[in-house]
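Given the structure is predicted, the values throughout are model-derived calculations rather than measurements. The sequence lines fix the lettering, A, B, ..., with proteins before strands; numbering per chain opens at 1.
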Amino acid sequence: MNALTTMMLLPILGSLLVAVIPNDQVLRIKQAALGTTLLVAISGVLVWMRFDSANTSFQFTQSVAWIPSFGINYAVGVDGLSLVLILMSVLLAPIVVLAGWNESEGGRWSAKVFYILILVLETMMIGVFAATDVFLFYVIFEAMLIPVYFLIGGYGSGERAAAAVKFLLYSLFGGLLMLASIIGLYVISGRNGGHTFDITKLSEMHNYMSSTTQNLLFLGFFIAFAIKAPVWPLHTWLPDAAASATPGTSVLLLGVLDKVGTFGMIRFCLALFPDASKTFTPIIMTLAVISIIYGAFLAIGATDIKRLIAYTSISHFGFITMGIFAMTAQGHSGATLYMFNHGFSTAALFLVAGWMSARRGSTTIADFGGLQRVTPVMAWSFFIAGMSSLALPGLSSFVSEFLVLVGTFTRYPVAAIIATFGIVLAALYILIPVQKALHGPTTPGNENLPDLNLREKIAIAPVIAVIVALGFYPSPLLNVINPASAHVLELQGFTDPTPSDSAGK
Amino acid sequence: MEFISPVLNYAQLAPILIVLAGALIGVLIEAFAPRASRFSSQLFITIFSLVASFAALVRVRNESSTDAAMGSVAFDGAGVLLQGSILIIAILSTFLIADQENFTALAASVPGSEEERTALQTDLRVTEVFPLTLFAVAGMLLFPLSSDLITLFVALEVLSLPLYLMAGLARRRRLLSQESALKYFLLGAFSSAFFLLGIAYLYGYSGSITLVGIQQSVVGGAGNDVFLLLGVAFVSVGLLFKVGAVPFHAWSPDVYQGAPTAVTGFMAAATKVAAFGAILRIFYVSFANAEWSWKPAMVVIAIITMVFGSAVAITQRDVKRMLAYSSIAHAGFLLSGVIALSKSGLDASIFYLFAYGIATVGAFGIVTLVRDSSGEVGDLNRWSGLGKRSPILASTFALFLLAFAGIPLTSGFVGKFSIFSAAYESGSTSILIAGVLSSAIAAFFYIRVIVLMFFKDPVEDGTSVVIPSALTTVTISVSAVVTLILGVYPAPLIDFITNTALFIR
Amino acid sequence: MSPYNYLYVAGLLFTIGAVGVVVRRNAIVVFMCIELMLNAANLTLVTFSRINGTLDGQVVAFFTMVVAACEVVVGLAIIVTIYRSRRSASIDDASLLKR
Amino acid sequence: MTTSTSLVYLIALPLAGAVILLLAGRRADKWGHLLATALSASSFGVGLYQLSQMLSRPTEERAVTQKLFTWISVGSFNIDAGILLDQLSICFVLLITGVGTLIHIYSISYMSHDENRRRFFAYLNLFIASMLLLVLGDSYLNLYVGWEGVGLASYLLIGFWNQKPAYATASKKAFVMNRIGDMGLSFAIMIAFATLGSVSFSGVEEASHTASQATLTAIGIMLLIAAAGKSAQFPLQAWLGDAMAGPTPVSALIHAATMVTAGVYLIVRSHFIFDAAPTAQLLVVLVGAVTLTFGALVGTAKDDIKKALAASTMSQIGYMILAAGLGPAGYAFAIMHLLTHGFFKAGMFLGAGSVMHGMNDQVNMRRYGALRKFMPITFATFGLGYLAIIGVPPFAGFYSKDAIIETAFNAGGIKGILLGSTALLGAAITAFYMTRVMVLTFTSPERWEKDQHPHESPWLMWLPMAILAIGSVSTGFLFTRGDSLVHWLSPVFGEHEAHEEHFLPVIVVSGLALTAVVIGVSIALVKYQFSDVDAEAPQNVSIFTRIARKDLLQDSFNESVFMRPGQALTRLLVKTDDKVIDGTVRLVGTTAIGTGSALRKTQTGFARSYAVLILIGAVALIAGIWVVTQ
Amino acid sequence: MLEIQTPETIMFWILAPVAVLAALGMLLVKKAVHSALLLAWVMITLAIFYIAQDAVFLGIVQIVVYTGAVMMLFLFILMLVGVDASDSLTETISGLRPIAITAAIGFGGIFVSLIGRATIGHKPYGLEFANTNGNVEGLAQKLFSTYVWPFEVISALLVTAALGAMVLAHHQRTIARPSQREQSIARFRTGSLGGAAGLPSPGVFARHNAVDVPALLPDGSAAPTSISATLKARGDMLESQSFELGEVDNTVTEEK
């Protein structure tokens with residue numbers, strides 16, 4: 001059986017298992033969910049180890065006819081890009097389950113439903129990255145919204161229903177635009193060699209399109225991904241959703257789901273519409289730079305810790321988008337690595353923020369103070385996550401952020417320069433909450449907060465380990481990513497700019 | 001002039017004849033059977049004749065001829081598919097209709113009178129609904145197969161008259177129900193006058209009243225275009241009225257709301273199949289070569305219909321009215337299949353009709369179950385918290401709504417995809433764009449209902465979910481399963497449709 | 001004289017019928033206006049039958065009469081029912097279903 | 001180039017200390033400080049061993065490298081985790097680990113009452129490791145890691161007592177201002193990669209021979225910004241004074257001896273860029289000159305002993321930067337001054353710490369006085385440092401500072417005169433404010449409150465001070481004997497022809513310098529030793545004093561130019577996000593609902609109006625026909 | 001080839017305007033009954049047109065079915081709901097009338113002008129050939145051969161109509177009709193014996209014995225129970241005052 005299909009089936013089986021456990025055996029349910037996610041994580045690592053990074057074509061492929069008359073297949077496969085993201089997803093899943101052990105309490109529905117939703121979501125997370133059939137991708141892309149919608153609306157806090165709706169409508173809108181583009185592709189493929197949704201075959205279709213068509217189809221895809229990512233000014237759903245969702249859901253939302261947007265930009269926007277990508281690059285670069293700065297400023301102005309993290313993500317997604325459209329090896333690899341790293345550093349931030357707010361009963365930064373002395377481990381976890389978020393060298397995000405900047409600078413120096421100001425703002429948006437919440441005198445109400453318990457420590461430790469390890473030794477991932485990004489650029493017909501002052505040599 | 005004795009192909013007419021026979025037996029039962037046994041025997045006869053009709057249809061599914069009834073009926077693949085859809089929907093609807101809670105005890109009694117009260121107490125039943133249903137089904141079966149204008153007109157009336165009557169039979173809020181019957185009847189008659197005038201002009205144009213004859217005139221170019229155009233326009237008014245396209249839609253919200261819910265479901269689902277079947281046949285067979293004349297107008301109507309239906313549905317507070325507007329929007333989507341004027345458009349339309357019909361019956365089935373002491377609760381605000389009261393029911397309804405919204409993994413998505421791609425393939429970009437945008441608007445109100453059901457707390461106002469009868473359960477669950485299967489694995493049906501759907505001339 | 005003149009008459013009658021549906025409030029009168037429209041259509045059919053030299057138009061007109069008769073039965077039954085419930089045959093009174 | 005496998009231990013040992021201490025938590029409270037000290041010392045030992053190895057090799061083979069692993073490799077962007085130990089780095093290694101170890105020792109006692117002493121030592125080790133990484137990295141990117149690492153360590157140490165909100169703010173300020181400098185370093189690296197195709201020192205050096213002037217100038221300016229941020233140079237100097245919030249050993253180690261000199265290291269390390277980019281070099285000189293004056297002026301007005309010393313540090317680094325900007329002639333002197341400064345300033349800070357230790361953490365010099373009697377060892381070590389910094393022969397500062405003043409004069413023309421005079425003026429002011437510190441603290445009449453019980457510090461504290469004092473006395477002589485340091489470093493900078501022409505004879509320069517010192521000392525003595533000093537700072541002082549007390553308005557400037565507008569912008573954007581962007585989204589929603597409501601009005605409930613709709617539809621259709629068949 | 005003869009032309013020009021005027025009259029008269037009669041007139045005119053256009057059978061059927069059956073049904077229902085119920089012609093739905101009139105004029109205008117534009121391409125054929133064997137036979141050929149299927153199906157429509165009328169109009173007896181014995185027992189068991197002798201018929205003791213004149217009680221006042229409830233509801237009960245035996249005229253008129 002195909003490794004990827006197996007990976008996708010496992011969580012489904014797990015959710016069935018969860019479904020048959022009686023409602024009152026909550027612990028069993030949680031154990032089953034955790035066990036499943038761990039199993040998936042292990043299989044993810046196995047796939048990673050068996051992956052041949054020198055090979056740029058899709059591996060672990062499987063293709064089964066699904067709707068043959070439309071040329072639709074259930075087709076999966078991974079290249080370096082998708083492998084990294086799948087790996088991130090499956091590694092984060094058990095952490096989310098473990099970290100949010102009690103998140104399902106206080107929801108509208110039982111714990112069982114919560115874990116079923118999480119597991120179903122995990123299947124989709126794998127599927128969305130593994131799909132090599134555009135239709136399959138789209139189906140999962142849209143279907144994913146449903147479990148997330150219920151996770152936010154059913155288990156979140158505050159204005160959860162409104163936030164869930166906002167999220168869903170935004171995403172659906174984008175999805176529908178993408179549907180229009182997919183239909184366009186489908187029709188064009190039908191005119192040129194038969195209906196197909198195979199990504200490889202579709203990537204040749206741009207030869208048959210007028211530039212207007214290509215631009216329109218590109219926009220359909222790009223807007224959908226820009227909403228997902230989210231790129232300014234299509235971002236306003238994110239802070240609401242992240243602020244309302246449970247920390248675990250937020251991790252999956254920002255860490256994994258939003259990556260579908262940037263992943264899609266590489267996999268679909270660039271691969272399918274190379275000329276349009278070039279046409280729109282200036283605009284997209286501008287939006288990305290605005291996202292970086294704008295997100296950072298809003299993060300600085302945020303008073304709610306979860307919203308703050310959401311805004312930082314907007315800034316980070318700006319970096320990723322910028323890296324992608326810089327069309328250089330460094331930019332691309334950096335962006336891909338950034339996706340992975342952002343997943344982990346945001347996970348750490350959200351999980352710790354979640355624990356903080358669960359203990360304090362508030363998400364307002366001003367309500368905290370002096371946590372470093374009361375709950376040192378929790379404070380440290382937050383601090384390290386924050387350092388990673390501000391791209392401190394030695395932590396994982398630095399490598400990717402710097403690669404993006406360097407990669408962008410070689411082609412778009414102005415964008416890179418403006419974006420670099422983001423790193424100063426990053427220092428502010430991380431250190432302000434650190435100062436307010438962790439430092440300073442211990443404010444009333446915080447004196448007796450308990451520190452992380454063993455379960456929480458076990459949950460956060462691997463995240464921090466990954467953050468640190470990848471900061472010093474990113475090669476295991478870069479080795480996988482590099483050939484894939486090089487392949488994309490080669491298809492695009494881009495070569496890295498040669499150093500301008502040594503061109504003569 | 002020699003009299004040619006008519007030859008009828010009874011095997012091919014059997015589906016219609018069986019249903020008619022069932023209806024006549026039903027009338028006889030009304031006349032002669034003792035009251036106590038009427039209900040069960042009527043139900044049995046109805047189901048039996050529908051199933052038998054379906055069996056007869058299956059037996060001749062591969063046949064195809066133009067002279068099944070002296071040229072009045074074209075028996076072909078598309079017809080078989082449409083008839084099959086209508087029969088399946090009819091069977092499911094009959095299960096709903098069998099729940100006599102929906103119907104008045106004595107239609108002739110004045111609402112609120114002593115007579116009505118005693119009729120209710122003595123448990124009288126309007127068992128005439130069953131033969132009426134069968135008559136309507138017979139008309140619907142004939143409608144899309146009609147290959148001359150007389151048969152078309154007769155079939156239109158055969159299917160309409162029972163529906164006018166059935167609309168007025170609601171048990172509760174009878175004034176509304178009667179009002180809906182009156183409106184439906186008057187406007188229906190009004191539009192069929194247009195239809196008849198259209199027939200007259202088509203006849204005037206070509207000298208023939210068979211679809212093939214008209215087609216030949218169109219191809220031959222004999223005759224006057226003004227007459228053709230007038231004919232097409234007026235016939236369209238009649239047909240578009242039946243499917244509820246803007247601006248001929250106005251009856252549908254009122255009638256949907258006023259009619260007994262089971263009838264509404266039947267009417268919404270089956271009539272749409274039949275009417276679109278007829279539209280498809282007449283446009284594909286007769287008017288295909290005069291595409292230039294009607295396509296622009298049809299595109300405009302389709303777009304207005306989609307947008308109008310979606311936009312107005314947003315503001316509805318009654319679930320049945322909301323579904324009515326949703327059906328208007330869907331009529332717009334379905335019109336794109338007509339506009340496509342291609343094999344794929346035909347396939348897509350038939351698939352869409354079936355999928356939509358099934359989901360509609362299921363959705364209305366659920367509407368019948370939400371009640372308070374004075375009958376069904378239509379007010380959406382009182383649906384809030386339904387997910388808490390009855391999670392399975394609410395989830396199923398959500399599934400139908402998602403199907404209407406065209407979310408992947410539901411039948412609605414496959415339908416939407418195929419019909420829009422067919423439209424785009426034939427060059428109607430504007431349809432695609434309008435479709436996508438109105439889908440986005442539509443998502444808004446479907447999701448609003450889901451939010452109400454799941455994310456709002458129940459209002460204690462006596463609203464409750466009754467335990468469905470076995471038959472209703474069958475209807476709802478079959479609809480749900482079909483909706484899901486057609487979303488996940490539609491290939492067999494699509495292939496079947498692709499191989500079968502053909503209009504013979 | 002050209003047989004087309006009949007078409008003009010039919011057209012006018014049809015239009016008048018349509019206007020009647022719109023402006024009259026008594027359900028029965030409205031319904032009669034619809035009958036007028038059907039009749040106008042029939043006249044068109046008969047005229048075209050004559051113009052085209054085939055009897056199909058007359059057949060259609062014949063069917064129309066039957067259909068119209070059936071419609072009248074059903075329609076009047078509905079109107080009577082409404083009248084019994086509301087003591088009014090005005091279609092404007094039947095306007096509870098809206099928005 | 002020679003490779004080695006043992007260089008990594010230089011960094012790994014203290015890093016291991018930091019990791020162990022942080023992870024072990026309270027379990028390590030008992031032995032953590034000892035482990036940290038031991039690891040720091042052993043790193044010093046490794047440094048000495050490397051020095052001995054180096055000395056055993058011929059001059060041109062002294063540089064050693066070690067490649068640990070490939071760090072980042074994407075396309076042509078290849079960065080190894082590589083270590084380069086050459087004659088320049090070894091100076092730093094020894095300074096960092098040596099002074100570092102001494103300060104570790106000092107801190108064992110100084111921090112003994114702090115319940116978080118273990119954490120403090122962990123940070124110290126982290127700092128040592130980062131600083132070593134900074135000076136040992138073989139590429140700008142590796143340097144960058146250390147560069148931000150020391151920033152982090154500095155942040156953690158400044159905010160060590162962050163329960164005081166002011167201290168927490170100070171640490172944040174330091175980090176953010178450092179980040180601004182770091183941005184410069186980022187730019188430099190990006191430009192280097194984009195134009196030269198490499199970011200390793202060797203690669204950039206090689207490419208710089210063919211690179212355009214503009215490129216090198218750009219890189220140079222960016223490096224200067226980086227240096228300014230880290231070394232508290234104008235205009236990024238504002239954080240250093242606040243950084244004194246940290247425990248005093250931190251000030252000694254980080255904000256006097258090592259980290260703040262990283263900017264000098266960066267410029268000197270990038271000599272190949274500045275040599276080829278005169279514009280950038282000129283800017284370096286200007287920054288140095290401005291800062292040395294600036295720091296000196298601020299120093300004259302500070303009553304907080306640590307802040308006075310901090311201002312002095314700023315000023316002294318200004319000297320180093322000035323020297324570094326003077327090109328090949330100045331590099332070695334910059335390093336020399338850096339090393340000597342490391343000794344005497346660290347010693348003085350430790351002395352200040354010792355004073356505070358004895359004075360219940362009182363930092364206001366106006367509350368000191370006559371401490372000579374109570375803290376003789378502190379007085380002695382501090383005094384030696386004092387003599388060194390004001391440049392009295394034969395103490396270390398005399399050699400290094402004189403060399404810089406001389407080189408400045410030799411820069412030639414008006415530029416030389418201006419720079420030389422500035423340096424001289426600086427020397428005078430230095431003498432003034434250092435004397436002021438000395439007098440107010442040790443020799444003037446006592447002004448402390450009666451419940452104070454000044455006492456000498458324990459031996460663990462004075463021993464490092466003593467060792468550093470020895471350094472302050474001896475290093476200047478050692479380094480200049482036979483131009484040993486200059487020759488030692490020359491393989492790094494390449495040979496350059498010695499200046500034949502001296503603008504002024506060496507002896508004249510020395511004379512001038514000494515004169516300046518004497519003037520400065522005399523004024524200070526008159527003002528503070530021979531007149532009464534108020535325990536409270538007088539308020540009716542001249543506008544200049546007030547400005548100087550306010551650090552020459554640097555904070556006000558930053559606040560009004562950056563902070564306030566930044567905050568306003570933040571508020572504006574927050575509002576924009578809600579009202580404009582999200583508002584637009586909401587508007588789409590309300591528009592849809594509004595349209596729906598409007599259209600809904602067509603559903604009047606009257607069958608006749610529905611019939612009208614149908615009629616209108618029919619009219620539209622036949623009107624279409626009417627148009628089509630025209 | 002079709003040649004329209006002068007008599008038909010004359011007939012047309014006389015009858016057509018009348019028919020149109022009658023149709024317009026339908027819209028303008030207040031009473032529904034008048035509308036019905038006008039419609040009947042239009043239908044008869046059409047029948048004549050049919051016959052004139054060689055659709056003899058249809059013409060006869062038109063008279064039989066439409067004027068004979070359909071219009072009678074209409075009148076019957078009109079009687080039921082109030083034969084003199086009159087419609088106020090003032091518009092109650094605001095804004096509808098101008099829209100309706102504009103739409104109608106637009107419709108009529110465009111429609112008629114479109115008919116004017118049309119030319120069929122061939123001269124009208126006329127029905128001489130089709131009606132060779134007689135119009136009825138020709139129609140029969142079509143009906144029972146070519147169009148036999150719709151002809152059969154239309155029976156379903158008739159059954160539906162009958163069934164529909166039954167459903168909506170038939171009052172199923174929910175309680176067994178009381179027997180005469182039960183009725184008389186009920187009369188005597190009620191509180192008073194006033195009604196024991198049965199209700200008075202209309203017009204008893206009054207000066208007029210039409211169904212809408214109430215009977216007079218012994219005290220001379222009107223007995224409302226003597227009038228059918230339907231008439232009362234329609235307001236068709238006559239004012240009984242005028243029929244009361246106020247003062248008995250005792251003067252004996254002499255016979256002449």
Side-chain angles (χ1 to χ4, degrees), chain A residues 170 232-233 235-236 294 297-298 300-302 328-330 333-334 370 372-373 376 380 387 392-394 398-399 402-403 405-407 409-410 413 416-417 420-421 423-424 426-428 431-432 434-435 438-442 472-475 478 482 485-486 496-502 504-505, chain D residues 22 25 69-77 81 130 141 144-149 151-152 155 159 162-165 167-169 171-172 175-176 178-180 182-183 186-187 189-191 193-199 207 210-212 215 566 569-571 573-574 577-578 581-582 584-585 589:
Chain A
Y170 251 109
W232 185 89
H235 64 275
T236 54
Y294 187 92
F297 268 111
L298 283 180
I300 292 170
T328 57
Q330 293 81 31
S333 294
Q372 200 187 46
R373 271 171 304 285
W380 269 104
M387 288 297 118
L392 186 84
F398 168 74
V399 179
F402 203 83
L403 277 173
L405 284 173
V406 159
F409 189 87
T410 52
I417 287 169
T420 310
F421 282 91
I423 72 171
V424 177
L428 281 170
L431 293 184
I432 288 174
V434 163
Q435 183 191 348
L438 309 184
H439 293 169
T442 309
F472 282 102
Y473 195 59
S475 298
L478 278 177
N482 280 338
S485 349
D496 284 354
T498 46
S500 56
D501 277 21
S502 57
K505 282 201 280 188
Chain D
L22 285 177
F69 52 85
T70 301
W71 182 30
I72 305 175
S73 168
V74 178
S76 53
F77 189 76
S130 305
L141 204 65
Y144 191 42
V145 178
W147 190 263
E148 289 235 334
L152 172 69
Y155 168 79
N162 59 42
Q163 59 268 45
K164 290 190 185 162
Y167 290 8
T169 312
S171 62
K172 184 184 75 188
F175 195 97
V176 172
N178 266 300
R179 270 251 149 170
I180 296 172
D182 298 350
M183 208 167 68
S186 305
F187 286 141
I189 298 175
M190 287 186 245
I191 300 170
F193 177 70
T195 55
L196 308 176
S198 172
V199 300
T210 53
S212 71
T215 302
L569 181 63
T570 306
R571 278 193 296 275
L573 286 180
V574 168
D577 198 53
D578 184 45
I581 298 186
D582 211 30
T584 311
V585 174

When the 4.5 angstrom heavy-atom criterion is applied to A:Leu403 and chain D, the contacting part is side chain

Cut-off 4.5 Å, heavy atoms of chain D, and the answer for A:Leu478 is side chain

So which atom in [X] and which in [Y] form the shortest heavy-atom distance, rounded to 0.1 Å?
X	Y	result
D:Gly75	A:Ala329	CA-CB, 4.1 Å
D:Val574	A:Gly301	CG2-CA, 4.0 Å
D:Asn162	A:His439	ND2-CD2, 3.0 Å
D:Ser76	A:Gln330	N-NE2, 3.6 Å
A:Ala416	D:Met190	CB-SD, 4.3 Å

ask   = Can any side-chain N or O of A:Thr236 pair as donor or acceptor with the backbone N or O of D:Ile581 at less than 3.5 Å?
value =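 Pair absent, no side-chain N/O of A:Thr236 close to backbone of D:Ile581.
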
Under 3.5 Å, side chain of D:Gln163 to main-chain N/O of A:Thr442, donor-acceptor pair present?
no

Could you state the interatomic distance from [atom1] ([X]) to [atom2] ([Y]), rounded to the nearest 0.5 Å?
X	Y	atom1	atom2	result
A:Leu298	D:Asp577	CG	CG	4.5 Å
A:Phe402	D:Phe193	CZ	CZ	10.0 Å
A:Ile423	D:Glu148	CD1	CD	6.0 Å
A:Phe421	D:Ile180	CZ	CD1	9.0 Å
A:Ile432	D:Thr570	CD1	OG1	8.0 Å
D:Leu152	A:Met387	CG	CE	6.0 Å

Residue from D:Asp182, D:Asn178, D:Thr169, D:Leu22 scoring the most non-hydrogen pairs under 4.5 Å with chain A is D:Thr169

Pair count under 4.5 Å, heavy atoms only, with chain A: among D:Gly589, D:Ala194, D:Ala81, D:Ser73, highest is D:Ala194

With a 4.5 angstrom heavy-atom cut-off, which part of [X] approaches chain A: side chain, backbone, both or neither?
X	answer
D:Tyr155	side chain
D:Val585	side chain
D:Ile191	both

**Prompt:** What orientation do D:Trp71 and A:Phe398 show, parallel under 30°, tilted 30 to 60°, or perpendicular over 60°?
**Reply:**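 Because their plane-to-plane angle is under 30°, the rings of D:Trp71 and A:Phe398 count as parallel.
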
Looking only at A:Thr328, A:Asn482, A:Thr410, the option with the highest number of non-hydrogen pairs under 4.5 Å against chain D is A:Asn482

Ranked by heavy-atom pairs below 4.5 Å to chain D, first place among A:Ser485, A:Pro393, A:Pro233 goes to A:Pro393

(request) May I have the step-by-step check of side-chain contact (heavy atoms from CB on, under 4.5 Å) for A:Phe409 and D:Ile189, ending in yes or no? (result) CA-CA 10 Å; A:Phe409 189 87; D:Ile189 298 175; over 6 Å; no

